[in-house]
Amino acid sequence: MTAPAGPMSPEHLAERLRNGDMRSLARALTWVERRADSFETLLGVLLPHTGQAQLVGVSGPPGAGKSTLISRLAEQYGAVQRVAILSVDPTSVVSGGALLGDRIRMTDVSLTDNVFVRSVATRGRAGGLSLACWDQALILDAAGYDPILIETVGAGQGETEVRYLADTTVQVEAPGLGDHVQALKAGMLEVSDIVVVNKADRPDSARTAARIRHTLALGMETGLAPHAFHGQANDTERGWVQPVLLTDALAGTGIDELQAQIAEHRDWLCASGARWDTEHRRAARLLNLLVDQGWQSRRRAMLEAAGWNDVVKTVADRQQEPHAAARRLLQRVFGDGSKG
Amino acid sequence: MNGPPFRILVAKLGLDGHDRGAKVIARGLRDRGFEVIYTGIRQTPAMVARAALQEDVDLLAISILSGAHNTLVPRVINLLREQGQADVPVLLGGIIPEVDRPAMRAAGVAEIFGPGTTIGETADWILAALGRDE
Ligand SMILES: Nc1nc2c(ncn2[C@@H]2O[C@H](COP(=O)(O)OP(=O)(O)OP(=O)(O)O)[C@@H](O)[C@H]2O)c(=O)[nH]1
Ligand SMILES: [Mg+2]
């Protein structure tokens with residue numbers, strides 16, 4: 001089942017990847033990333049075959065063990081079903097290149113036919129994901145992979161995008177990494193569905209887990225809306241209490257329990273009706289991202305037509321107060337209706 | 001680099017555990033605007049080919065020091081062909097004795113770079129090979 005080289009119609013590519021051809025799947029993932037000519041047609045053809053997979057986001061500070069843990073999970077899933085991994089690493093702002101190294105920790109599953117691993121560079125996007133990830137997850141879903149495990153950039157700075165894309169989010173912490181303070185600051189601990197303290201073989205891991213449990217419980221008591229997300233319904237009120245699990249990804253302990261909790265969260269999403277929120281949130285976010293892209297390119301042309309360069313000059317020369325200058329620019333772009 | 005970045009797999013083929021050279025290449029190519037997938041040491045031909053397949057790379061750069069290139073490299077290239085990636089250029093770096101080079105080329109290796117090659121030269125060669133001269 002080898003795809004021939006050369007151009008291929010989106011319908012043909014879709015059919016091949018749905019029939020399990022890895023080469024076609026890999027090419028489709030490149031198509032959407034490069035925005036190849038017929039990528040929209042491809043996504044359209046695949047759309048009716050999507051919506052089955054559970055998208056699981058895995059975030060956490062650098063070195064917490066995300067890749068190692070994901071590899072273990074994939075090993076377990078791979079024994080009975082097809083599982084995909086999307087692993088995101090940052091694009092260098094200086095060169096535009098990227099070093100994608102998560103596969104180093106995934107050698108154990110690299111030859112398992114049920115496991116598909118794809119490395120992705122952020123290509124200029126903040127928030128821990130690339131824009132292509134959204135389309136790539138859809139394609140993997142249509143190809144019959146379930147779950148799809150998405151490792152975000154390990155910056156520990158609030159990899160919030162995955163919260164919109166994923167059905168279920170796992171926050172991975174480890175003892176001795178500044179603990180959960182970092183995650184708390186970034187707000188990731190409160191908004192993740194499952195918290196994992198990895199490196200359970202380390203002596204201080206139990207204490208780290210206890211501190212995290214304490215912090216989460218405190219949030220609940222003070223009514224700080226733990227697990228609420230950007231004004232969405234509070235999941236805790238609906239009955240989901242974030243489990244805090246201990247894993248040792250090197251030895252493979254605690255992985256069963258993590259897998260069970262991921263399944264439990266999926267069941268809960270359906271039973272509680274929260275699934276609808278997830279779908280809605282995901283759709284709104286992606287539309288926002290896409291509309292914004294078009295917006296950005298139009299915006300420049302509109303502002304230039306409204307005299308952008310002259311205005312910059314007058315502000316630079318301190319002849320105009322910047323707030324007023326910005327408001328006048330907007331009025332010129334939108335007419336008198338704008339309040340700026 | 002104009003256009004979307006190229007995706008390159010830097011593979012450390014064989015049993016030797018020294019990957020400093022491969023890491024320098026990987027980092028150097030990243031700094032020249034390539035997306036570099038690095039899979040770590042002790043990769044078998046099957047692992048390298050599988051990574052090249054799933055990552056849909058534009059080019060494969062193999063680093064090999066163990067002396068096992070005569071057996072391992074043709075295996076990788078055969079697997080690439082079998083999986084429909086005959087068009088992916090294969091670069092070879094590391095210590096490849098002059099006497100072995102004709103056989104490597106005959107097996108399908110596009111270019112061989114010895115230890116003296118700079119990253120800049122490698123990057124330029126890759127851009128030319130992929131049809132994007134700067
Ligand atoms: N002791 C111990 N080490 C672990 C465990 N899990 C992972 N490691 C080690 O931690 C280091 C980082 O693991 P990765 O899986 O690469 O971590 P990551 O979170 O994916 O890292 P980035 O992708 O760079 O952010 C590696 O040396 C792993 O071998 C564990 O459970 N216990
Ligand atoms: Mg990682």
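The chains referred to below are lettered A, B, ... by the order of the sequence lines, with proteins before strands, and numbering in each begins at 1.
Within 6.0 Å of CZ in A:Arg34 there are more than 12 heavy atoms belonging to other residues, nucleotides or ligands. For B:Leu15, the CG atom sits in a loose shell: 12 or fewer heavy atoms of surrounding residues, nucleotides or ligands are nearer than 6.0 Å. In the displayed structure, A:Arg299 atom CZ is contacted under 6.0 Å by at most 12 heavy atoms of other residues, nucleotides or ligands. With a 6.0 Å radius and a threshold of 12 heavy atoms from other residues, nucleotides or ligands, A:Glu40 has its CD atom at or below the threshold. Enclosure of atom CG in A:Asp37 is not indicated, since only 12 or fewer non-hydrogen atoms of other residues, nucleotides or ligands lie within 6.0 angstrom.
Every residue two or more places apart in sequence or in another chain that forms a side chain to side chain contact (heavy atoms under 4.5 Å, CB included) with A:Ser130 is listed here: A:Val120, A:Ala132, A:Cys133.
Interface remark: A:Val117 contributes backbone and side-chain atoms alike to the contact with chain B (heavy atom separation under 4.5 Å). With a 4.5 angstrom heavy-atom cutoff, B:Ala51 touches chain A via backbone and side-chain atoms both. Both the backbone and the side chain of B:Arg7 come within contact range of chain A, with heavy atoms under 4.5 Å apart. When heavy atoms are compared at a cutoff of 4.5 Å, A:Val115 approaches chain B solely by way of its backbone atoms N, CA, C and O. With a 4.5 angstrom heavy-atom cutoff, B:Asp19 does not touch chain A via any of its atoms.
Across all their heavy atoms, A:Leu99 and B:Tyr38 have their closest contact at CD1-CB, 4.4 Å. B:Ala46 approaches A:Leu111 most closely through the heavy-atom pair O-CD2, 3.6 Å. The shortest non-hydrogen separation linking A:Gly96 to B:Pro5 is O-CG, 4.1 Å. Nearest heavy-atom pair, B:Met47 versus A:Ser110, reported as atom, atom and distance to 0.1 Å: CG-OG, 3.6 Å. Between A:Thr107 and B:Thr39, the shortest heavy-atom contact is OG1-O, 4.4 Å. The heavy-atom pair separating B:Asp56 from A:Arg118 by the smallest distance is CB-NH1, 3.6 Å.
A:Asp21 CG to B:Leu53 CG: the interatomic distance, rounded to the nearest 0.5 Å, is 8.0 Å. Here OG of A:Ser92 is found 12.0 Å from CZ of B:Arg32. Values are rounded to the nearest 0.5 Å. The distance from the CG atom of A:Leu100 to the CG atom of B:Leu9 is 10.5 Å, given to the nearest 0.5 Å.
For A:Arg123 (side chain) and B:Pro4 (main-chain N/O), no donor-acceptor pair under 3.5 Å exists by modelled atom type.
Ranking A:Thr30, A:Ile104, A:Val94 against chain B, the residue ahead of the rest is A:Ile104, based on heavy-atom pairs under 4.5 Å.
Residues A:Thr112 and B:Arg50 have side chains not in contact (no heavy-atom distance under 4.5 Å, counting atoms from C-beta outward).
With hydrogens and angles left out, the side-chain atoms of B:Gln54 and A:Arg103 include a donor and acceptor closer than 3.5 Å.
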